[in-house]
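I have placed the structure first, in the form of C-alpha cells, so that the comments after it can refer back to it.
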Protein chains: 4
Amino acid sequence: MGGLLEVMAERGYEGATIVAIAKAAGLRSGLVHYHFETKRAILVALVERLVETVDQRFKSRLQGVDGTPRERLDAWIDAHLALGPDADPDAVAAWIFIGGEAIRQADVRQIYQRAMTSRISGAQQLVRDVLMSEGRSTQKMAELAALLVAAVEGAYQLGATVPDELPSGFAAPYVQRVLRGLIDSEPRVKGG
Amino acid sequence: MGGLLEVMAERGYEGATIVAIAKAAGLRSGLVHYHFETKRAILVALVERLVETVDQRFKSRLQGVDGTPRERLDAWIDAHLALGPDADPDAVAAWIFIGGEAIRQADVRQIYQRAMTSRISGAQQLVRDVLMSEGRSTQKMAELAALLVAAVEGAYQLGATVPDELPSGFAAPYVQRVLRGLIDSEPRVKGG
Amino acid sequence: MGGLLEVMAERGYEGATIVAIAKAAGLRSGLVHYHFETKRAILVALVERLVETVDQRFKSRLQGVDGTPRERLDAWIDAHLALGPDADPDAVAAWIFIGGEAIRQADVRQIYQRAMTSRISGAQQLVRDVLMSEGRSTQKMAELAALLVAAVEGAYQLGATVPDELPSGFAAPYVQRVLRGLIDSEPRVKGG
Amino acid sequence: MGGLLEVMAERGYEGATIVAIAKAAGLRSGLVHYHFETKRAILVALVERLVETVDQRFKSRLQGVDGTPRERLDAWIDAHLALGPDADPDAVAAWIFIGGEAIRQADVRQIYQRAMTSRISGAQQLVRDVLMSEGRSTQKMAELAALLVAAVEGAYQLGATVPDELPSGFAAPYVQRVLRGLIDSEPRVKGG
DNA sequence: GATGAATGAGACTTCATTCAT
DNA sequence: AATGAATGAAGTCTCATTCAT
C-alpha cells in the first residue's frame, strides 16, 4: 500500500507491478497476495488511506486554531494544499493517477466520488459559515465550494507536471487569499 | 488517433489496446503500426491534436466578439470549459489520462508542459489586459492566471468523475463570473 | 537479390525484411513480389548467383595462366579466397548466413550441397593433377581437398568475425603456400 | 539454454521460438522469461557454455597424456573436432548459427571474438611448443595457428551441411596428420 | 511495371495470480 | 507468514504477402 503509493507516483497504476510494489515495501512479491486479494484491492486501500490522511490533516490543523469560520476555512485549504512538513509529493502524483482510475474502475470510482462529494460539501459548509458569520449572501456558496475544490484538484495536476510555471507561493496561501477576495465581494444581506 | 481518443476516454492509455483502438477507428490491428511507429506515437499525436483543438476553439470564439479585454478573457474561458455544441466529453476524459501520462512518459510530458506553459502565459496576458484596461494593479496577474488554469484543469477532473456534485451551470459561465469578481477586487492604481 | 546480399550481410536472412531488401535495391517494397514469388526465392537466386560468381572468378583466373597443375590450383585458391579488387566482404558475410540457411531450409540446402560437392570434387581434381604431375601418391587427395575446402570456409568465418586476429597476408597467399607444403610432403611413388 | 541448443540446431536462432525452446526444455513458455531477461540472454548464455565445454574437453583430454608438445597439440585438435563419445552434432549445428549471430549482434560478437581470440592464441602456443621442441623455425607459427582454427571452423560447417562428401575419418585424426605434415616441413634452425 | 495501403499470423515479452514448500 | 518458481492470458509489434489503383 505504501509500496503502491511510491511506485504509482512515478509509473501510474498499470505501470506499478506487484514485484515493484513489493520491493518498495521491503517485501517479496509472493507475499503481497497474502495481504491483498488482488492488485485492485491494494489500490482501493490506498485511495481510502489518502482520503483519510487529508481528513486527518484538516482535523489536526483545526486543533491549533480557536475556530473562527475564517480560520477553519483557511485550515481546510491548508490541509488540502499543504506544501509544508507533512506535504507528500508522491501522494499528489498518485492522486493524479487515482483520478484516472476513478474513471475506469467502478470500485475506485465509488470511493473517489464519496470522497469528493464529502469534500465538496465540507467546503460548502465552511464557506457558508464564513458567509453567514459576516452577514453575506449564501446564494453562491455552492459555486464557491465547487470552485475551491476544482482549484485544489487543478493545483495538484499543475504542481505535479509544471511546477516551474507556478508563481512562487502558489497553492495554499494564494488560494486562501483569493477565496477571501471572492467572499469579500459577496454582497451583504439585510438583517445579516 | 481518433480511435485512441474514444477508447482512452473510458479505459485510459494502458487500457486502450491496439486492437480496441483499431476497431474504434474502423481498422484492423495490423494497420495501426503502418501509420504509427508505436502506440506512444499515437498518444503523442493525440495530445498535440487536443491542444490544438482548444487553441483553435479560442481563435474561433474570438471571431465573434469585437474584442474588448473582458470579452477576450471570457472567450478564452469559454473555449477551455465549453460545454456547448463543440464540447467533447471524450476529450475531457482523455485529457485526464493524458495528465497522468505526462508524469510517466517524457515525450508526453514535454508536449504537455509546452501546452500548459503556453496556456498559463496566454491566460496571464488576457488577465493583464483586463486589469490594465480598467486601471487596476497587475501585481497579482500571475497568480490569477495560475488559479484560472488550475480551476480549468480541476473542472475537467470533477466534470469527468463527479458531474452530479457540481452546481448546474458550473464550468464556463461560473468561472467567468468568479474571475470577474476577483478582478473587480483588485485595487485601482493611481494614474491608471 | 543484390538488395538481399547487402542487407543479409549485416542482418542475416531473417533480419532482412522485404522493405529493406527493396530499399537496398532502389525499389519499393510492393514491387519485390512482382519479380520473386517469395522471399525464399530471392535467397535461392542469391545463393545460385554467389556460387556462380566464384566459379566465374576461377575461370577468369585461369585465363591469365598457361595452365600448369600448380598454377591452376593456385588460381582456384585465389578465386575462392580473393581479397583483391573483386573481393566482396558483403558476399562473404552473406555466405556465412547462407551456410546456416542450408541447415534450415531444404531448397537452400540442395543448392548449397550441390555447390559444395562440386567445389570439393573440383579441388580434388586439381590436387590430383598436381600430385600426379609430380609423381606423388594420390592416396590422400580426398583428404587434402576436404581440408582445402574446409580451410576456405573457415577463413570466411574468421574473416567476417575476427579479422584482426588473422596474420596479415592470411587467406589466399598463405593457403597456397601451406598447400604447397602439404603436397611436397606427399611421398613420391615408383614409376610415377 | 539446453532447449535453445536443441531447437537452434535445426531452426537457427530466429527460428527458435520461445515456445519451442521452452517445450524442448520441458517448460511452459512463460517461465522462460523468469530465468532469462530476453531471448538474446539465452543465446549469450548458450554461447558461453559451448565455449566453456570445448575448453573443458581440452583440459580433460590433457589429463590422459603425459604431455609432450605433440601430444598436447593432438589433444587440442581432438577436443575441438571430437566426433567421439562426447561429440555433439547439435552443438556443431548451433555453433554455425552462432557464427552468424556474431555478425549481427554486438553482445554475441563480443563473446565470440573473445573465444576465437583465445582459441587462436591457444593454438599458436601449442604450435610454438612443438616447433621449438623440435628445433624448428617458429616464423610461421601464427599462420599455422590461424590455418588450424580456420580448418576447425570449416570442418564444422562441412560436417553440418555436407557430411557425406567428407572422407571417412575426416576431422580430428586427419587434421592431426596434416598438421604434423606441415610442421615437419618447417625448416630446422641452427642451434635448435 | 509500380505503388503503398491493408491483412493476419505469429513473435517476444510482461505480469497478476497461484501454489508447493 | 514467507518464498519464489510456475502459469497462461494478453499486449505490442513485425513482417511476408496480397491487391486495388
Side-chain angles (χ1 to χ4, degrees), chain A residues 3-4 7 11-23 25-43 105, chain B residues 3-4 7 11-23 25-43, chain C residues 3-4 7 11-23 25-43, chain D residues 4 7 11-23 25-43:
Chain A
L4 176 58
V7 180
R11 296 193 224 166
Y13 174 72
E14 296 272 357
T17 69
I18 294 286
V19 170
I21 294 168
K23 184 188 278 182
L27 306 174
R28 307 302 179 83
S29 68
L31 193 54
V32 172
H33 282 86
Y34 184 85
H35 294 293
F36 293 93
E37 191 89 4
T38 65
K39 187 182 165 187
R40 280 252 289 272
I42 314 176
L43 177 61
Q105 301 185 18
Chain B
L4 176 58
V7 180
R11 299 194 222 167
Y13 175 71
E14 297 270 359
T17 69
I18 295 284
V19 170
I21 293 169
K23 185 183 282 181
L27 307 174
R28 306 300 182 85
S29 68
L31 189 53
V32 172
H33 283 92
Y34 182 80
H35 294 293
F36 292 94
E37 194 96 359
T38 63
K39 187 182 164 187
R40 280 252 289 268
I42 314 176
L43 178 61
Chain C
L4 176 58
V7 179
R11 297 192 223 166
Y13 174 71
E14 295 272 0
T17 69
I18 295 285
V19 170
I21 293 168
K23 184 187 278 181
L27 305 174
R28 305 304 178 81
S29 69
L31 193 54
V32 172
H33 281 87
Y34 184 84
H35 295 292
F36 293 94
E37 192 89 3
T38 65
K39 187 183 164 187
R40 279 251 290 269
I42 314 176
L43 177 62
Chain D
L4 176 58
V7 180
R11 298 193 222 167
Y13 175 71
E14 296 270 0
T17 69
I18 296 284
V19 170
I21 294 169
K23 186 184 283 181
L27 307 174
R28 305 301 181 87
S29 69
L31 189 54
V32 172
H33 283 92
Y34 182 81
H35 294 294
F36 293 94
E37 194 96 1
T38 63
K39 187 183 164 187
R40 280 251 290 268
I42 313 176
L43 178 61

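Side-chain atoms are counted along with the backbone in the values below, which use heavy atoms only and exclude waters and symmetry mates. The structure displayed is predicted, hence computed values, not measured ones. Per chain, numbering begins at 1; letters A, B, ... match sequence-line order.
Not one side-chain nitrogen or oxygen of B/H33 sits closer than 4.0 Å to the OP1 or OP2 atom of F/dT14. Between D/R28 and F/dG8, a side-chain N or O to OP1/OP2 separation shorter than 4.0 Å is present. Under 4.0 angstrom from either OP1 or OP2 of F/dA1 there lies no side-chain N or O belonging to A/H35.
Using a 4.0 Å heavy-atom distance criterion, C/T38 is classed as a sugar-phosphate-only contact. Counting non-hydrogen atoms under 4.0 angstrom, C/A16 reaches the backbone sugars and phosphates but no base. B/L31 comes within 4.0 angstrom of a base, heavy atoms only.
For A/Y34 and E/dA20, the OH to P distance is 16 Å, given to the nearest whole Å. Taking atom CZ of residue B/R11 and atom P of nucleotide F/dA10, one finds them 13 Å apart after rounding to whole Å. The distance between atom CD of A/E37 and atom P of E/dA16, rounded to the nearest whole Å, is 15 Å. Between the P atom of F/dT14 and the NZ atom of B/K39 lies a distance of 15 Å, rounded to the nearest Å. Following rounding to the nearest Å, C/I42 (CD1) and F/dT17 (C1') show an atom-to-atom distance of 11 Å. Here the P atom of nucleotide E/dT13 and the CZ atom of D/R40 are 9 Å apart, to the nearest Å. Taking atom OH of C/Y13 as the reference point, atom P of F/dT14 lies 19 Å away to the nearest angstrom. What separates CG of A/L4 from P of E/dA16 is a distance of 11 Å, to the nearest Å.
Contact annotation: the side chain of B/Y13 approaches that of B/K39 to within less than 4.5 Å [non-hydrogen atoms, C-beta and beyond].
In this structure, of E/dT13, F/dG4, E/dG1, it is F/dG4 that holds the atom nearest to the side chain of A/S29.
Taking NZ of A/K23 as the reference point, atom CD1 of A/I21 lies at 13.0 Å (rounded to 0.5 Å).
In terms of position on DNA chain F, the residue among A/G30 and D/G30 whose nearest nucleotide sits closer to the 5' end is A/G30. A residue-by-residue look at B/V32 and D/E14 shows that B/V32 has its nearest nucleotide of DNA chain E further toward the 5' end. Mapping B/L27 and D/V19 onto DNA chain E by nearest heavy atom places B/L27 closer to the 5' end of the strand.
Comparing F/dT21 with E/dG1, their C1' atoms are spaced 13 Å from each other, to the whole Å.
Base pairing of E/dT21: its partner is F/dA2, meeting the Watson-Crick or G-U wobble criterion (both donor-acceptor distances under 3.5 Å). Of all nucleotides present, only F/dC15 satisfies the Watson-Crick or G-U wobble test against E/dG8, with each distance under 3.5 Å.
A pairwise comparison of heavy atoms in B/A20 and B/R11 identifies CB-NH1, 3.7 Å as the closest pair.
Tested against B/I18 for a side-chain contact (heavy atoms from CB on, under 4.5 Å), the candidates B/L27, B/V7, B/V32, B/L4 yield a single pass: B/V32.
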